[in-house]
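Throughout, a chain's letter reflects where its sequence line sits, starting with A, and its residues are numbered from 1. Note that these values count all heavy atoms, side chains included, but never hydrogens, waters or copies made by symmetry.
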2 protein chains.
Amino acid sequence: MAANHNPHGPLSQLTGYHLRRASSVFAADFARAMEGTGLRQVLLGILAVVSANPGINQGSVGRLLGIKRANMVSLINELIDAGLVDREVDASDRRAFTLKVSRRGGAALKDALVRIELHEQQLLAGFTADESRILLDLLGRIERHEPAVD
Amino acid sequence: MAANHNPHGPLSQLTGYHLRRASSVFAADFARAMEGTGLRQVLLGILAVVSANPGINQGSVGRLLGIKRANMVSLINELIDAGLVDREVDASDRRAFTLKVSRRGGAALKDALVRIELHEQQLLAGFTADESRILLDLLGRIERHEPAVD
DNA sequence: TATTGTTATACTCTATAACTATA
DNA sequence: TATAGTTATAGAGTATAACAATA
């Protein structure tokens, strides 16, 4: 029997390689699912975190998502300019801003989550509920090795 | 009992989000593990594929790795300039180049794989052999949804 | 002194379009 | 006509350093 050639060589057994490829598949399909909304993965992430933590400041959002302070600035500005997030000076710490999802942002988030639900269902179509749960668990255990940002 | 606050909101249940974060953890640790070698994730991928397929041309490498032709050019040039890959005109198709890992490239790949082995062991330290296998399987099933590049 | 947000900047990855030379 | 490789270019994500205002 001929040994089946493995075109990816050592990559085929590397978790890091497959994480990279699978993540890229998700990213590409996410973009397709969001077409027309103007929302990208990072922006959706911020919107979701602000929505779950009304009044949070942008440094904290960055820490939760692994985004550096310096890079948060223009991202938040995009959301403000799009009218999805409201920003106010924090009365108790005048260096900081408090962020809230606007009415329009809430609707955009709701719509996005519907699209994402569909997009995830498609990419995980062959997965049992158990397999999906297991995947989330294993990924979560990897994420715990993340060094703090900033 | 107080409902435990979930700071990531809807993200916490999204496979795409956790893939992104876990992949980023791996990428950052990969960079740390490769410090001083000059090899990045993409370059290691190319080196591994060329090594597994001596004489392959760069278009085929790109197709295997999901890298566009246009972006392959400078990546291959980096590997050539670093002396890790040799390039020759393909005698049977003078449009194409054939690629081979050089002696030095072979040594670099071998060293890189040792570092990567350690890096993966660290990030998957809490994983049983079964769990690692399952993760690779689940990721592979997601990858199959990748649209062809180019 | 430390922290919040900001600006400026640079590198990498990825994407498209238009070109050449060969097939 | 199609394919292999190239060039030019642009968008997006991410990284560092230095600064002002406030704590």
| query | Nearest of dA15(C), dT22(D), dA4(D) to any side-chain atom of D93(A)? | reply | dT22(D)
| query | Please give, in whole Å, the distance from dG13(D) C1' to R40(B) CZ? | reply | 15 Å
| Could you state the CD-C1' distance from Q41(A) to dG11(D), rounded to the nearest angstrom? | 15 Å
| message | Under the side-chain contact (heavy atoms from CB on, under 4.5 Å) test against L19(B), which residue among V25(A), L136(A), L139(A) passes? | response | L139(A)
| remark: Contacts of D90(B) and V149(B) projected onto DNA chain C by closest heavy atom; the upstream (5') one is V149(B)
| How close or far is atom P of dT14(C) from atom CZ of R20(B), stated in whole angstroms? | 13 Å
Polar atom pairs (N or O), protein with nucleotides 6-9 of chain C, under 3.5 Å:
residue: dT6(C); atom: OP2; partner: Q58(A); partner atom: NE2; Å: 2.9

| request: Answer whether the closest heavy-atom distance between the side chains of N57(B) and T98(B) falls below 4.5 Å. | output: no
| With a non-hydrogen cut-off below 4.0 angstrom, is N57(A) in contact with a base, only sugar-phosphate, or nothing? | sugar-phosphate
| Roughly how many Å is it from OH in Y17(A) to P in dC13(C), rounded to a whole number? | 15 Å
| Closer to the 5' end of DNA chain D via nearest nucleotide, is it G59(B) or L43(A)? | G59(B)
| said: Output the rounded distance in Å from CE (M34(B)) to P (dT12(C)). | reply: 16 Å
| Quick one: which of dT4(C), dA23(C), dT12(C) gets closest to the side chain of R95(A)? | dT4(C)
| request: For the residue pair Y17(A) and H8(A), categorise the inter-ring angle as parallel (less than 30°), tilted (30 to 60°) or perpendicular (more than 60°). | output: tilted
| said: Can you tell me if R94(A) touches the phosphate of dA20(D), counting only side-chain N or O atoms and a distance under 4.0 Å to OP1 or OP2? | reply: no
| Hey, are R20(A) and E143(B) close enough for a salt bridge, meaning a charged N less than 4.0 Å from a carboxylate O? | no
| When the distance from CG of L39(A) to C1' of dA12(D) is rounded to whole Å, what number comes out? | 15 Å
| said: Strictly below 4.0 Å, N to O, side chains only: are D90(A) and R94(A) in salt-bridge contact? | reply: no
| field | Between D86(B) and S102(B), a side-chain donor and acceptor under 3.5 Å | value | no
| Whole-Å gap separating P (dA15(D)) and CZ (F30(B)) | 16 Å
| query | For K68(B) and dT7(D), what is the distance between atoms NZ and P respectively, to the nearest whole Å? | reply | 19 Å
| Options dG5(D), dC13(C), dT4(C), nucleotide nearest the side-chain atoms of A96(B) | dG5(D)
| said: Regarding R115(A) and D111(A), does a basic nitrogen lie under 4.0 Å from an acidic carboxylate oxygen? | reply: yes
